[in-house]
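To start, the structure under review is shown below, and the notes come after it.
One-based numbering, in listed order, for ligands and for the atoms of each.
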Amino acid sequence: MSRTVLCRAHPSLALIKYWGKSDSRRNLPATPSLAVTLAGVHTETRVRPATVDCVVLDGAEQPRERYAPFFEALRRRLRTDLRFHAESRNSFPTAAGLASSSSGFAALAAACVRAAGGQLAAQELSALARIGSASAARSLFGGFTLLPAGARAARQLFPEQHWPELRVLVAVVGAQAKPLSSRQAMEATRRSSPFYRAWLASAGSLLAEAIEALQRRDLERMGGLARLSYSRMHAALLASEPPLLYWLPATVTLVRECAELRRRGLGAWETIDAGPQVKVLCLAAEAAQIAAALQEAVGAAKPACGEQPAGGRILECRPGPAPEVRVEEE
Ligand code: DP6
């Protein structure tokens with residue numbers, strides 16, 4: 001049986017970052033990651049059976065080779081010969097460091113399996129999505145998730161209701177696609193950064209404490225550990241040859257603004273992925289005040305060469321759900 005299926009999935013924001021692979025052929029992560037699935041931003045993917053595999057993202061056909069391992073694994077898993085046409089839209093800038101590949105492959109995996117008339121448990125969908133992008137393994141679950149180092153699938157640690165007051169403010173400081181994909185940059189870090197080994201060694205040591213901070217809903221502790229994780233990841237990137245720097249002037253402005261907000265007693269804890277955007281962890285009661293301060297700071301920041309002025313778009317997100325799948329046409 002085959003059908004048209006629509007899936008909406010939410011990006012997975014890592015508090016403790018995945019950066020590096022223990023097995024690049026199977027796309028297994030070298031570091032454990034701890035993340036929150038974000039409501040307020042999403043990818044929507046419509047899938048139907050077709051004669052060739054084709055993925056169109058925000059109107060642009062995607063390179064076949066990026067998706068081939070995923071589609072091959074999908075067919076092996078479902079024991080089918082079906083090919084798929086997928087049309088995908090992000091509610092946020094694509095490939096700019098907003099974890100679009102996490103929600104993208106999660107939506108694709110969930111939609112393709114249903115479009116083929118199959119049914120897989122969330123763990124199995126997670127393992128399938130991981131072949132596309134390891135962060136996508138986490139987006140198959142709502143709330144707070146863990147993808148252990150070397151694991152084939154993620155799992156949920158706490159449901160989205162665990163910490164209803166948590167907010168993530170996403171400051172979009174540049175909407176251009178990143179110059180280097182996470183995958184390429186991870187490989188460059190492994191190959192050429194003398195800090196890569198130190199990064200791997202330190203990544204695991206943050207995890208146990210971060211899980212405990214999450215369990216206690218301790219923003220200050222969780223925020224401090226999230227800062228260590230992203231700072232060490234970017235330090236390893238910066239030490240690559242050639243040096244890899246995703247940040248824009250407005251990124252630095254916002255890192256400093258968060259420090260200033262904390263000095264004034266507000267709980268604003270930033271984290272940064274493979275792009276210039278800054279995501280700020282805070283609590284609902286302070287979210288409006290912090291968002292206004294970030295907006296003002298980013299609005300005043302000088303744009304980098306060739307960049308549009310940042311404009312200060314702040315999205316407010318909260319812990320979100322697992323992907324939702326709807327069969328549109330039988
Ligand atoms: C910085 O999951 O996009 O967002 O597995 O190669 O597709 P691939 O990488 P991807 O990397 C995400 C890196 C990160 C940190 C994180 O989400 O844990």
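- Within the 4.0 Å heavy-atom criterion, both parts of A134, backbone and side chain, lie near ligand 1.
- By the criterion of a heavy-atom distance under 4.0 Å, neither the backbone nor the side chain of L13 is placed next to ligand 1.
- Proximity of Y18 to R138: side-chain heavy atoms (C-beta onward) are separated by under 4.5 Å at one or more points.
- Both the backbone and the side chain of S133 come within 4.0 Å of ligand 1, counting heavy atoms alone.
- Taking the ring axis of W269 as reference, the NZ or CZ atom of R262 stays within 45° of it and closer than 6.0 Å to the ring centre.
- Remark: ligand 1 and N27 share an N or O pair separated by less than 3.5 Å (distance only, no angle test).
- Those atoms of ligand 1 that come under 4.0 Å of a heavy atom in A14, given as number and element, are 16 (C), 17 (O), 18 (O).
- Residue-ligand proximity, S101 to ligand 1, at heavy-atom distances under 4.0 Å covers atoms 3 (O).
- Atom numbering of ligand 1 starts at 1 in the shown order; those under 4.0 Å from a heavy atom of M186 are 9 (O), 11 (O).
- Between R66, R183, R138, it is R138 that holds the heavy atom closest to atom 16 (C) of ligand 1.
- A salt bridge links D273 with K17; the closest basic N to acidic carboxylate O contact falls under 4.0 Å.
- Ion pairing between a basic and an acidic side chain is recognised when a charged N comes within 4.0 Å of a carboxylate O; E44 and R8 show such pairing.
- Taking a 4.0 Å cut-off on heavy atoms, S181 fails to register as neighbouring ligand 1.
- Shown are V41, T45, T43; of these, the side-chain contact (heavy atoms from CB on, under 4.5 Å) with N90 is made only by T43.
- The proximity of R130 to ligand 1, defined as any non-hydrogen pair under 4.0 Å, does not occur for either the backbone or the side chain.
- Contact atoms of ligand 1 toward K21: 5 (O), 6 (O), 8 (P) (distance under 4.0 Å to a heavy atom of the residue).
- At a threshold of 4.5 Å between non-hydrogen side-chain atoms, the residues V280 and L261 do not count as touching.
- Side-chain atoms of L237 and W19, non-hydrogen and from C-beta on, do get closer than 4.5 Å to each other.
- Ranking protein heavy atoms by distance to atom 4 (O) of ligand 1, first place goes to D273 OD1, 3.5 Å.
- Using a 4.0 Å cut-off to heavy atoms of G132, the atoms of ligand 1 that qualify are 7 (O).
- Remark: D23 does not engage R152 in a salt bridge, criterion side-chain N to carboxylate O under 4.0 Å.
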